[in-house]
Amino acid sequence: MRQDLIDQAYDVMRHNDRGTYTVPTHGLYPFQWNWDSALSALGFAHFDESRAWTELETLFAHQWDDGMVPHIIFHKEDDGYFPGADVWRTGRPVPTSGITQPPVAGFAMRRIFDRSREKEAVIDRVRALLPKVHAWHRWFHASRDPQAAGLVAVIHPWETGRDNSVDWDDAFTRVPVEGVEPFQRRDTSHTDPAHRPTDEQYKRYVYLLQLFRGLGWDNSRLHDASPFQVVDPGFNAILIRSCADLAVLAQELGETDIARESRAFADRGIDAMESLWDEGLGQYACFDRIKDALVQSPSIGGLLAAFCAIPAGRAACIARRIEALAHSARFMVPSHDPLAPDYDGKRYWRGPVWLVVNYMIADGLHAAGQTEIARRIASDSLRLIEQSGFAEYYDPMTGEACGGGNFTWTAAMVIEFLKL
Ligand code: GLC
């Protein structure tokens, strides 16, 4: 085990620790982000398990009454980020954004609890979190799957965590920019603008935000009102996996109603996932609900589907796809196929490698028996760290560090990869 890397990773995490929550990185992201926190909790658990549970508790302390868990919690004022609390205006006692992010907390909870060496000491905390995580999963099915298709839609690209993926380009042509209030971006003052989304994309992000704000953040109206309704296979795989893991955890704790309902969500989701399989791409694809069609975009969203228990034959196809990508990139797994025309190796989710996504894909493929490719993903991830440090993301050809530095969830994933 590389103790030096683990020590460095601990340092990054401690540096970004604000006591009861962690910032993704100082400067660029000065608040608490939803899926960053859940994945970072996995890292904390290796050196301070109690702190890991605190991270999740803080996140769920800001859950909305309808069950949604927001994507950002603005614990403290900081004008270094746009759009800040004054733009979202969600009316929460502690300001939050008004959209959500990939629900990976259920998975993180089970993993941390399974490995816990102090189960008796934490069981009451786990018991208290369980219904909250379940309420969030229920909220997804109620608010984002109105036709009961078994899969949920996102209504803003930021919800997927893959903010400016090529996957959204086509749907974005239907998101207008008229009436967008003037704004000043802050992200481009912290990092290289060539690594970030374009201004044109930002206007559309803000258009959607303003639309939802105008509807009073009423989740019973937002889905149907949104011109952007996309079913993302990666996002759904995370939800399905978290429901399946919550079912196991709930069963263990004697919460049989939660266990039954969670299992049913997961089973239905896995069946419905088949509708996202795209034979031409050889992987899963996003589905655009407004257009009623699959999105022809070979992105990592379709590979992340392997995080849930898809059929073994599908997992094998995803393993083959990643092997094919390895012919055109040095580091696995690029967030977009380097051979596709819109690939951009340094620009956010249009090509670069993210360690969190690597971790989830490797975990799923390992569980499906695709161990060789899972090992390759893990070793590429560590090579990136050795070469370029704890960056936000990396160029898959050169391994160059991109975006922000000293990144919490990157550090957490390094600890996970090394301690597996
Ligand atoms: C960016 C990423 C998102 C992440 C956030 C904080 O917005 O796209 O996935 O949660 O940064 O790291």
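Note that this is a predicted model, so its numbers are computed, not measured. First listed ligand is number 1; within each ligand, the first listed atom is number 1.
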Point to revise | Close N or O approach (G161, ligand 1; < 3.5 Å) | key: yes

Check your understanding: Under a 4.0 Å N-O cut-off, is there an ion pair linking R320 with E323?
Key -> yes

Study note, to complete from the structure: With H156 as partner, the option from F172, W168, Y205 fulfilling ring-ring contact (aromatic ring centres under 6.0 Å, His included) is Y205

Study note, to complete from the structure: If we number the atoms of ligand 1 from 1 as shown, the ones under 4.0 Å from a heavy atom of W35 are 3 (C), 4 (C), 9 (O), 10 (O)

Review point. Is H71 near ligand 1, meaning one of its heavy atoms is under 4.0 Å from it?
Key: no

Check your understanding: Among Y348, W354, W349, whose side-chain contact (heavy atoms from CB on, under 4.5 Å) with R162 holds?
Key -> W349

**Study point:** Nearest-neighbour protein heavy atom for atom 6 (C) of ligand 1, which is reported as residue plus atom name and distance
**Key:** D36 OD2, 3.3 Å

Review point. Do any N or O atoms from the side chain of D395 and from the backbone of E400 form a donor-acceptor pair under 3.5 angstrom?
Key: no

Practice item. Could you list which atoms of ligand 1 come closer than 4.0 Å to a heavy atom of W409? Key: 4 (C), 9 (O), 10 (O)

Check your understanding: Does ligand 1 have an atom under 4.0 Å from some heavy atom of W158?
Key -> no

Review point. Between the main-chain N or O of P311 and the side-chain N or O of E274, is there a donor-acceptor pair closer than 3.5 Å?
Key: no

**Study point:** CZ/R186: more than 12 non-hydrogen atoms of other groups inside 6.0 Å
**Key:** yes

Check your understanding: Judged by modelled atom types alone, do E416 and H46 share a side-chain donor-acceptor pair under 3.5 Å?
Key -> yes

Revision key, fill the gap. heavy-atom search around atom 1 (C) of ligand 1 in the protein gives Y348 OH, 2.8 Å

Check your understanding: Mind checking whether W33 has an N or O less than 3.5 Å away from an N or O of ligand 1?
Key -> no

**Study point:** W349 touching ligand 1 at heavy-atom level, < 4.0 angstrom
**Key:** yes

